[in-house]
Chemist: 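Once you've had a glance at the structure underneath, I'll fire off some questions.
The chain is numbered in sequence order, starting from 1.
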Amino acid sequence: MSRTALLVLADGRFPAGGHAHSGGAEAAVRAGRIKDAADLAAFCRGRLHTTGLTSAALAACAALGHDPVELDAAADARTPSPALRAAARRLGRQMMRAARATWPHPVLDALAALFPRGTHQPVVLGTAARAAGLGAEDAAHCVAYETISGPATAAVRLLSLDPFQATAVLAHLAPETDDVAARAAAAARDGVDALPAASAPLLEITAEEHAAWPVRLFAS
């Protein structure tokens with residue numbers, strides 16, 4: 001296992017397309033639910049313990065080598081919003097391109113052949129972690145962290161929020177992020193049927209509204 005590989009996979013500069021997505025923050029800013037760093041922290045905490053936990057468990061399960069067809073179906077079932085399912089598959093396709101260029105491996109080739117139009121991003125990320133020699137907890141940590149880092153980065157752009165404040169939000173959430181990653185990895189070891197299905201209905205609703213906006217800064 002390479003800690004450097006973990007850093008590369010978790011790096012916001014990894015060319016997997018995440019910079020174009022706000023994780024629901026753009027819609028929350030417009031609705032007035034995120035106005036400052038305190039609001040951002042509350043938003044990120046809620047996202048971490050719902051969609052973050054669910055996505056981290058999917059990634060951990062993929063890193064363990066569970067059936068990707070079952071994982072894709074599990075991800076679909078846990079994502080009621082068509083807009084979010086489409087976004088997850090777009091991100092999955094971009095993650096696949098980046099991962100195959102970075103860590104060429106038969107497991108990535110097989111997943112790409114199985115889902116030529118793309119599967120959910122956490123499934124690809126978990127498979128990429130496996131190709132890089134990383135484990136289930138590593139994959140879960142990557143997803144849990146990006147669950148909060150995406151909205152934090154977007155808030156800096158959307159609100160001209162002080163980047164020091166946004167980074168402090170991530171640091172303050174670090175213990176909870178570690179806990180979510182550990183819970184996700186533990187669930188993954190029990191198989192696909194044991195994966196959490198924590199939901200965030202408001203994120204699903206606002207994702208559908210956001211997708212219909214004629215002008216927006218972020219893709220989701």
Side-chain angles (χ1 to χ4, degrees), residues 7 9-56 59 75 78-95 97-98 118 120-122 124-125 141-178 180-181 198-220:
L7 294 174
L9 189 58
D11 193 335
R13 292 164 294 186
F14 189 69
H19 65 280
H21 296 258
S22 76
E26 185 169 22
V29 166
R30 178 179 286 193
R33 287 188 290 273
I34 300 179
K35 302 181 293 295
D36 52 29
D39 293 339
L40 175 64
F43 179 88
C44 287
R45 178 174 286 109
R47 193 164 191 265
L48 175 64
H49 288 279
T50 54
T51 60
L53 173 63
T54 301
S55 297
R78 288 161 173 76
T79 314
S81 163
L84 286 183
R85 288 199 298 270
R89 291 184 185 279
R90 285 197 301 271
L91 283 167
R93 289 194 295 271
Q94 182 65 21
M95 172 64 74
R97 291 180 60 197
H120 288 254
Q121 190 261 10
V124 181
L125 188 148
H141 267 100
C142 285
V143 172
Y145 177 69
E146 74 179 13
T147 295
I148 58 174
S149 62
T153 300
V156 172
R157 297 169 63 184
L158 291 163
L159 293 170
S160 296
L161 187 68
D162 184 340
F164 294 145
Q165 291 184 315
T167 302
V169 166
L170 301 180
H172 292 156
L173 287 173
E176 292 178 59
T177 306
D178 290 345
V180 164
S199 63
L202 188 57
L203 282 178
E204 301 279 345
I205 293 167
T206 56
E208 291 300 308
E209 295 172 350
H210 182 271
W213 293 0
V215 179
R216 58 184 186 265
L217 184 60
F218 292 94
S220 70

Chemist: Go through the structure and list residues passing ring pair (Phe, Tyr, Trp, His ring centres under 6.0 Å) with Phe218, not counting sequence neighbours.
Modeler: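 Checked Phe218 against ring pair (Phe, Tyr, Trp, His ring centres under 6.0 Å); zero matches.
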
Chemist: Taking Thr206 for the side chain and Leu203 for the main chain, is one N or O donor matched with an acceptor at less than 3.5 Å?
Modeler: yes

Chemist: Passes side chain to side chain contact (heavy atoms under 4.5 Å, CB included), Arg45 versus Leu173? Steps please.
Modeler: CA-CA 7 Å; Arg45 178 174 286 109; Leu173 287 173; 3.4 Å; yes

Chemist: Looking at Gly23 and Arg47, what are the two nearest heavy atoms and their distance?
Modeler: O-NE, 2.9 Å

Chemist: Rounded to the nearest 0.5 Å, what's the gap from NE2 on His120 to OG on Ser55? Could you check?
Modeler: 9.5 Å

Chemist: How long is the gap from CD on Glu176 to CD1 on Ile148, to the nearest 0.5 Å?
Modeler: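 Interatomic distance, Glu176 CD to Ile148 CD1, rounded to 0.5 Å: 8.5 Å.
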
Chemist: Could you walk me through whether His19 and Arg13 pass the side chain to side chain contact (heavy atoms under 4.5 Å, CB included) test, one step at a time?
Modeler: CA-CA 8 Å; His19 65 280; Arg13 292 164 294 186; over 6 Å; no

Chemist: At their closest point, which heavy atom of Ala16 faces which heavy atom of Leu91, and how far apart are they?
Modeler: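 Smallest heavy-atom distance, with atoms named: O-CD2, 3.8 Å.
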
Chemist: Got a second to check how far Arg216's CZ is from Glu209's CD, nearest 0.5 Å?
Modeler: 13.0 Å

Chemist: Between Phe43 and Ile34, what is the shortest heavy-atom contact and its length?
Modeler: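 Scanning both residues, the minimum pair turns out to be CG-CD1, 3.6 Å.
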
Chemist: Do other residues, nucleotides or ligands put more than 12 heavy atoms under 6.0 Å from Arg97 CZ?
Modeler: no

Chemist: State whether the side chain of Arg78 and the backbone N or O of Thr54 hold a donor-acceptor pair below 3.5 Å, judged by distance alone.
Modeler: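 Absent.
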
Chemist: Taking the side chain as every heavy atom from C-beta outward, state whether Leu84 and Glu204 have any pair of such atoms under 4.5 Å apart.
Modeler: yes

Chemist: Looking only at non-hydrogen atoms, find the nearest pair between Ser199 and Thr50 and report the distance.
Modeler: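 Nearest pair, atom of Ser199 first, then Thr50: O-CG2, 3.4 Å.
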
Chemist: Is it the case that the side chain of Ser22 and the backbone of Pro151 share a donor-acceptor pair, with hydrogens and angles ignored and the cut-off at 3.5 Å?
Modeler: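 A pair under 3.5 Å: no.
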
Chemist: Give a yes or no on whether the backbone of Thr79 and the side-chain of Arg85 come within a donor-acceptor separation of less than 3.5 Å.
Modeler: yes

Chemist: Output the distance between atom CD (Gln165) and atom OG1 (Thr167), rounded to the nearest 0.5 Å.
Modeler: 10.0 Å

Chemist: Mind listing the closest non-hydrogen atom pair of Ala200 and Thr51 along with its distance?
Modeler: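 Heavy-atom minimum between the residues: CB-CG2, 4.2 Å.
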
Chemist: Report yes if the side chains of Glu146 and Leu125 come closer than 4.5 Å at any heavy-atom pair, otherwise no.
Modeler: yes

Chemist: Measure from the side-chain N and O atoms of Ser81 to the backbone N and O of Ala83, and report whether any donor-acceptor pair falls under 3.5 Å.
Modeler: yes

Chemist: Return the minimal non-hydrogen interatomic distance between Ala152 and Cys44, and the atom names on each side.
Modeler: N-SG, 4.5 Å

Chemist: If you look only at pairs with a residue in residues 18-38, which of them pass as a salt bridge (Lys or Arg N to Asp or Glu O under 4.0 Å), with sequence neighbours excluded?
Modeler: Lys35-Asp39

Chemist: Could you measure the distance from the CZ atom of Phe14 to the CG atom of Leu7? Nearest 0.5 Å is fine.
Modeler: 12.5 Å

